[in-house]
Amino acid sequence: QVQLVESGGGSVEAGGSLRLSCAASERAFSLYAMGWFRQPPGKERELIAGISSSGGSTFYADSVKGRFTISRDNAKKTMYLQMNSLKPGDTAVYFCNRGNTITAMQALRVNNDWGQGTQVTVSS
C-alpha cells in the first residue's frame with residue numbers, strides 16, 4: 001500500500017506563494033511519474049502538474065502554466081509544487097498521486113490510495 005502525505009497548504013492573499021510537499025512511503029517512488037491534482041469545491045479532481053519518473057519531463061495545465069513549478073527529489077521520495085502568483089481560482093484541496101506516465105495521470109489512471117490532501121485557500 002502506497003502512502004502519500006501532502007503538506008504545505010494554507011491561506012494566502014492573491015499574489016502570494018505557497019510550496020506544497022508530497023512525501024511517499026514507497027521504495028519504488030523513483031519508478032513512477034508523479035502528479036499534483038486539485039479539487040475545487042463542487043468540482044471534479046484534475047491533474048494540474050505532472051513530472052516524469054526521472055524529472056526530465058513536466059506537464060502543466062493551462063490554468064497554472066507559468067505560475068506553478070513541479071519538482072521531485074527521488075532520493076528523499078518527495079515531490080514539490082511551488083505555487084506563485086496565486087489567484088482565488090486556485091482555491092482547492094490539493095492531492096498528489098502517481099501513475100505510470102504523465103498521460104495516464106491526465107486520464108486519472110493513478111494509484112487508488114489517495115492521501116488526505118492539503119487545503120489551499122486564496123483570498124482576493
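A quick note: this is a predicted structure, and the numbers were derived from the prediction, not measured.
Taking the ring pair (Phe, Tyr, Trp, His ring centres under 6.0 Å) definition, one finds that Phe95 meets it with Trp114, sequence neighbours left out. A search for salt bridge (charged side-chain N to carboxylate O under 4.0 Å, His left out) contacts involving Lys76 returns nothing, not counting sequence neighbours. Evaluation of the side-chain hydrogen bond (donor to acceptor under 3.5 Å, both in side chains) rule for Asn111 yields no partner, not counting sequence neighbours. Listed by chain and residue number, Thr101, Gln106 satisfy the side chain to side chain contact (heavy atoms under 4.5 Å, CB included) test with Thr103 (two or more places apart in sequence, or in another chain). Shown here are the side-chain hydrogen bond (donor to acceptor under 3.5 Å, both in side chains) partners of Gln116, two or more places apart in sequence or in another chain: there are none. Partners of Arg67 by salt bridge (charged side-chain N to carboxylate O under 4.0 Å, His left out), not counting sequence neighbours, listed by chain and number: Asp90. Scanning for side-chain hydrogen bond (donor to acceptor under 3.5 Å, both in side chains) contacts around Ser17 gives Asn84, with sequence neighbours left out.
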Show me the donor-acceptor pairs within less than 3.5 Å that the side chains of residues 26-35 make with the rest of the protein, sequence neighbours left out.
residue, atom, partner, partner atom, Å
Glu26, OE1, Arg98, NE, 2.9
Glu26, OE2, Arg98, NH2, 3.1

Using a 3.5 Å cut-off and no angle test, enumerate the donor-acceptor pairs between side-chain atoms of residues 117-124 and protein atoms at least two apart in sequence or in another chain.
residue, atom, partner, partner atom, Å
Thr118, OG1, Gly9, N, 3.0
Gln119, NE2, Ala92, O, 3.4
Gln119, NE2, Thr121, OG1, 3.3
Ser123, OG, Val12, O, 3.4

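Of the inter-residue distances, the one linking Arg72 atom CZ with Ser21 atom OG reads 14.0 Å to the nearest 0.5 angstrom. One finds the CD1 atom of Ile48 at 9.5 Å from the CZ atom of Phe59 (value rounded to the nearest 0.5 Å). Summarising the geometry, atom CE belonging to Met79 is positioned 12.5 Å from atom CG belonging to Asp73; distances are rounded to the nearest 0.5 Å. With values rounded to the nearest 0.5 angstrom, Glu6 atom CD is found 12.5 Å from Tyr94 atom OH.
Under a hydrophobic clustering in which Ile, Leu, Val, Met, Phe, Trp and Tyr are joined whenever their side-chain heavy atoms come within less than 4.5 Å, directly or via other members, Ile51 and Leu18 fall into the same cluster. The hydrophobic clustering, which links ILVMFWY residues whose side-chain heavy atoms are closer than 4.5 Å, places Leu108 and Val93 together. Follow the hydrophobic side-chain contacts under 4.5 Å out from Ile70 and you reach Met83 in the same cluster.
A side chain to side chain donor-acceptor pair (under 3.5 Å) check over residues 48-60, counting only residues at least two apart or in different chains, returns nothing. Every pair tested for salt bridge (Lys or Arg N to Asp or Glu O under 4.0 Å) that includes a residue from residues 108-124 fails, sequence neighbours excluded, so the list is empty. Residues in residues 17-106 take part in these disulfide (SG to SG under 2.5 Å) pairs, two or more places apart or across chains: Cys22-Cys96.
Of all heavy-atom pairs between Asn100 and Ala104, the closest is N-CB, 4.5 Å. Residues Val110 and Met105 approach most closely at CG1-CG, 3.8 Å, considering heavy atoms.
Residue Lys77 places its NZ atom among more than 12 non-hydrogen atoms of other residues, nucleotides or ligands, all under 6.0 Å distant.
With Arg38 as reference, Val64 is the one residue of Thr91, Val64, Leu81 to meet the side-chain contact (heavy atoms from CB on, under 4.5 Å) rule.
The shortest distance between side-chain heavy atoms of Leu86 and Phe68 falls below 4.5 Å.
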